[in-house]
Number of protein chains: 2
Amino acid sequence: MSVDERVDLAEQLRAAGYRVTGPRRAVWEALCVADGHVTVEELSARVADIGGDADQASIYRTLAVFEELGLARQSRLHETGAASWEVAHPDEHFHLVCASCGEVDHHAGPLVTRIREHLEGDHGFEVFDIELVVTGWCARCRPGGRAG
Amino acid sequence: MSVDERVDLAEQLRAAGYRVTGPRRAVWEALCVADGHVTVEELSARVADIGGDADQASIYRTLAVFEELGLARQSRLHETGAASWEVAHPDEHFHLVCASCGEVDHHAGPLVTRIREHLEGDHGFEVFDIELVVTGWCARCRPGGRAG
DNA sequence: CTAAATGCAAACTCTTTGCAGATCC
DNA sequence: GGATCTGCAAAGAGTTTGCATTTAG
């Protein structure tokens, strides 16, 4: 996965008139290697881990470019505080955040698409983006639930 | 509406062991009078408008209490920046944010309930809260849409 | 009278910005 | 070579916190 996306990156950047730079490669690799969501601070540490170099300000700027190109996606999974970033997946999905263990589950399914169809059909609302965050207890943490 | 809710406030506060104070009444009234979502800054101005008095720090603390009591609800409707607050409504609804005119539409319907049922039934996920924000163009602003 | 709430100001976190110097094409 | 990008540091926005004073019960 990360190799394909790394190849894509240079093409996508050039196609949009952006330059291919060390920090942009490093941020992209760190984002691809990360399993799921990362904050800018985490991303910064991961960039360092893989031997890359990118100032935090550059990470913010880089993520803004990635978002514009549709390569990365920002979420606000935590009530307050830092934004979370992930590689943009083609499938529409939403996030289940467990209030107990903190795990963020990606829930793919027809629901988000159905929301989009519903709005575009009945309401003439042209959807750019759907942000759906569900907070609760996952099956493992739920008291009396199907404990693991 | 605001009268009923104002009566509720004192009861709800006392029932939970909180005191009924001027700033809390003022913030509640300002929130009830507000049509839809307001930021803390807007709320602060509205409190002053209605002749109330509440420091911004107190507004934050007050809103935290209201949220705990289930009286108010926080949303992150704007990508970045201030949180939005509204009176908590019993019906589950979600928010349509127009990227052009900025209008925030409340969309009530079975969708949010369906999401809840889907997750609780199939996935054993116990839902506390569903935050659904859809960004796009409303019917009026949509190019080539039903102008009107 | 006492615990709780307020106001004020300072601190804190996350993010953006200005600018001189480095870098990609 | 020239526009773009970077790092650094400082500014900015939103929110939280510490503490002396006020206030509700």
Side-chain angles (χ1 to χ4, degrees), chain A residues 6 9-31 37-48 51-69 71-85, chain B residues 6 9-31 37-48 51-69 71-85:
Chain A
R6 210 177 305 148
L9 179 66
E11 282 172 22
Q12 300 257 11
L13 285 173
R14 287 202 191 95
Y18 289 111
R19 293 185 176 172
V20 182
T21 69
R24 286 178 181 159
R25 287 183 177 282
V27 170
W28 182 244
E29 184 166 341
L31 195 62
H37 301 85
V38 278
T39 62
V40 167
E41 197 175 347
E42 288 163 353
L43 211 41
S44 180
R46 282 161 183 276
V47 165
D53 201 33
D55 187 76
Q56 216 149 296
S58 296
I59 296 180
Y60 279 103
R61 289 186 274 227
T62 295
L63 288 170
V65 170
F66 288 177
E67 187 168 44
E68 188 197 317
L69 299 185
L71 298 172
R73 211 173 176 290
Q74 184 181 18
S75 305
R76 306 201 76 87
L77 299 179
H78 313 290
E79 279 291 293
T80 185
S84 300
W85 289 86
Chain B
R6 210 177 306 147
L9 179 67
E11 283 173 21
Q12 300 256 11
L13 285 173
R14 288 201 191 93
Y18 289 109
R19 293 182 178 175
V20 182
T21 68
R24 284 178 182 159
R25 287 184 178 282
V27 170
W28 183 244
E29 184 166 341
L31 194 63
H37 300 86
V38 278
T39 62
V40 167
E41 197 176 346
E42 288 162 354
L43 211 39
S44 181
R46 282 161 183 276
V47 164
D53 200 33
D55 186 77
Q56 215 150 297
S58 296
I59 295 180
Y60 279 104
R61 289 186 275 229
T62 295
L63 288 170
V65 170
F66 288 177
E67 186 167 45
E68 186 197 318
L69 299 183
L71 298 173
R73 209 171 176 293
Q74 186 181 17
S75 305
R76 301 198 141 280
L77 298 179
H78 314 290
E79 278 290 293
T80 185
S84 299
W85 290 87

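Chain A is the first sequence line, chain B the second, and so forth, proteins listed ahead of strands; every chain is numbered from 1.
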Pairwise side-chain contact, B/T21 with B/L13, heavy-atom cut-off 4.5 Å (strictly under):
no
Angle separating the five-pair end axes of the helix from C/dC1-D/dG25 to C/dC25-D/dG1, nearest 10°, is 40°
Checklist line | Heavy-atom side-chain proximity of A/Y18 to A/E68 below 4.5 angstrom | finding: yes
Heavy-atom nearest pair, B/H37 first then B/E42, reads O-OE1, 3.9 Å
Would you indicate whether the side-chain heavy atoms of B/L63 and B/L43 approach each other to under 4.5 Å? yes
Of C/dT23, C/dT15, C/dT6, the nucleotide closest to the side chain of A/R19 is C/dT23
Closest of C/dC8, C/dT6, C/dT15 to the B/D55 side chain is C/dC8
Judged by nearest nucleotide, the residue sitting upstream toward the 5' end of DNA chain C, A/A57 or A/G22, is A/A57
Query raised in the report: Does OP1 or OP2 of C/dT16 have a side-chain N or O of A/Y60 closer than 4.0 Å?
Result: no
Check your understanding: A/A82 near the nucleic acid: base, sugar-phosphate alone, or nothing, with a heavy-atom cut-off under 4.0 Å?
Key -> sugar-phosphate
When you compare the side chain of B/V40 with that of B/Q56, does any pair of heavy atoms fall below 4.5 Å? yes
Sugar-phosphate, base or nothing in reach of B/R24, heavy atoms under 4.0 Å:
sugar-phosphate
Of B/T21 and B/Q74, the one whose closest nucleotide on DNA chain D sits nearer the 5' end is B/Q74
Rounded to the nearest 0.5 angstrom, the CD-OG1 distance for A/Q74 and A/T39 is 11.5 Å
The reported gap from OG1 in A/T62 to CG in A/L71 (rounded to nearest 0.5 angstrom) is 11.5 Å
A/E11 CD to C/dC25 C1', in whole Å, measures 17 Å
Between CG of B/L9 and P of C/dA5 the distance, given in whole Å, is 13 Å
Under a 4.0 Å heavy-atom criterion, DNA chain D is touched by chain B from D/dG14 to D/dG25
To the nearest angstrom, the CD-P distance between A/Q56 and C/dT17 comes to 16 Å
Nearest heavy-atom approach of A/V38 to A/R46 is CG1-NE, 3.6 Å
The reported gap from CD1 in A/I59 to CZ in A/F66 (rounded to nearest 0.5 angstrom) is 10.5 Å
Here the distance between atom C1' of C/dA4 and atom CZ of B/R14, to the nearest Å, is 15 Å
